[in-house]
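As structure tokens, the structure follows; a few thoughts come after it.
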Amino acid sequence: MAQTAVVNPYGKFLEGEDVEIEVAHFAAKNANGLYDVLLKMRGAAAFNAGIDGKTIKYNAVPGGSGVDYQFNGKTRMTMRQNNGTSQYQVFLDGRGIFIGEVRTRSQEVRPLHLLTASNEGGK
């Protein structure tokens, strides 16, 4: 019997130039000891990359001083730790875009909705 995926009930909202991202972390660690994520990106850069509004699962792999989030072996987002601060960057439309968390909007993210969208073919 397949085990049902569970996500952390607390999501993140990240934004930067031409992109907004809703993030849901899975509750269980993967084989690398990291948490995979669901990312839903919107905006001009996401549209040009062909993933605007799609909820996609990304695998977390060790990367430098943090984590790389990959889909089909391609890194889409990175998180690096710098003096205790998480710094994020996404790679869309042939460029790197620095993004930051918007804490007030993070409270609006619904991780279970992202999980449902990914299971319904939001990929």
Side-chain angles (χ1 to χ4, degrees):
M1 183 167 138
Q3 191 171 5
T4 304
V6 177
V7 291
N8 182 319
Y10 301 97
K12 287 186 187 282
F13 184 89
L14 308 168
E15 72 177 1
E17 181 184 353
D18 296 333
V19 67
E20 296 179 337
I21 305 165
E22 292 180 54
V23 181
H25 288 85
F26 282 86
K29 291 184 178 182
N30 64 22
N32 295 313
L34 301 169
Y35 297 99
D36 293 336
V37 296
L38 292 170
L39 301 179
K40 182 177 182 180
M41 300 187 194
R42 288 185 299 270
F47 178 83
N48 291 338
I51 59 171
D52 186 46
K54 296 179 182 178
T55 302
I56 301 171
K57 180 181 178 185
Y58 291 87
N59 297 315
V61 298
S65 61
V67 179
D68 290 348
Y69 297 99
Q70 300 180 341
F71 179 72
N72 289 338
K74 180 179 177 182
T75 299
R76 178 64 73 192
M77 183 171 84
T78 61
M79 185 279 298
R80 299 292 182 256
Q81 290 291 329
N82 187 7
N83 295 324
T85 302
S86 297
Q87 297 178 331
Y88 296 91
Q89 186 175 19
V90 291
F91 302 95
L92 295 166
D93 197 21
R95 62 191 171 114
I97 303 169
F98 288 98
I99 52 176
E101 183 177 3
V102 181
R103 291 191 185 273
T104 55
R105 295 206 50 200
S106 287
Q107 296 171 7
E108 299 169 9
V109 173
R110 300 292 178 248
L112 287 176
H113 291 164
L114 294 176
L115 181 61
T116 300
S118 73
N119 290 335
E120 291 176 349
K123 296 181 179 182

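Numbering of residues begins at 1 and proceeds along the displayed sequence.
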Common cluster, Phe47/Met41, ILVMFWY with side-chain heavy-atom separation under 4.5 Å: no
dist Lys29:NZ -> Asp36:CG (nearest 0.5 Å) comes out at 12.5 Å
Using the rule that Ile, Leu, Val, Met, Phe, Trp and Tyr join whenever any side-chain heavy atoms are under 4.5 Å apart, tell me whether Leu39 and Tyr35 fall into a single cluster. no
Minimum heavy-atom distance Gly11-Pro111, with the two atoms named: N-CG, 3.6 Å
Atom pair CD1/CZ of Ile56 and Arg76 - distance to nearest 0.5 Å: 7.0 Å
Would you find more than 12 non-hydrogen atoms of other residues, nucleotides or ligands less than 6.0 Å from His113 atom NE2? no
To the nearest 0.5 Å, how far apart are NZ in Lys57 and CZ in Phe26? 4.5 Å
First locate atom CG of Asn8, then atom CG of Leu112, and finally report the distance between them rounded to the nearest 0.5 Å. 10.0 Å
With a 4.5 Å cut-off on side-chain heavy-atom distances among I, L, V, M, F, W and Y, is there a chain of contacts connecting Val102 to Leu114? yes
Step-by-step side chain to side chain contact (heavy atoms under 4.5 Å, CB included) determination, Tyr88 to Val90: CA-CA 7 Å; Tyr88 296 91; Val90 291; over 6 Å; no
Exactly one of Glu20, Met77, Met79 clears side-chain contact (heavy atoms from CB on, under 4.5 Å) with Leu14, and that residue is Met77
Quick one: side-chain contact (heavy atoms from CB on, under 4.5 Å) partners of Phe91, sequence neighbours excluded? Thr75, Thr78, Gln89
Is there a side-chain contact between Ser86 and Arg80 (heavy atoms, below 4.5 Å)? no
Straight-line distance of Arg103 CZ to Phe13 CZ, nearest 0.5 Å: 14.5 Å
Could I get the full list of side-chain contact (heavy atoms from CB on, under 4.5 Å) partners for Val61, not counting sequence neighbours? Asn32, Asp68, Gln70
According to a hydrophobic-cluster definition based on side-chain heavy atoms being under 4.5 Å apart (Ile, Leu, Val, Met, Phe, Trp, Tyr only), do Phe98 and Val23 belong together? no
When you compare the side chain of Ser65 with that of Asn82, does any pair of heavy atoms fall below 4.5 Å? no
For the student: nearest non-hydrogen atoms of Asn30 and Ala60, plus distance: ND2-O, 2.9 Å
How long is the gap from CD1 on Ile99 to CG on Leu92, to the nearest 0.5 Å? 8.5 Å
To check you understand the geometry: which heavy-atom pair defines the closest contact between Ser106 and Glu101, and what is its length? OG-OE2, 2.9 Å
Arg42 and Glu22 ion-paired at < 4.0 Å: yes
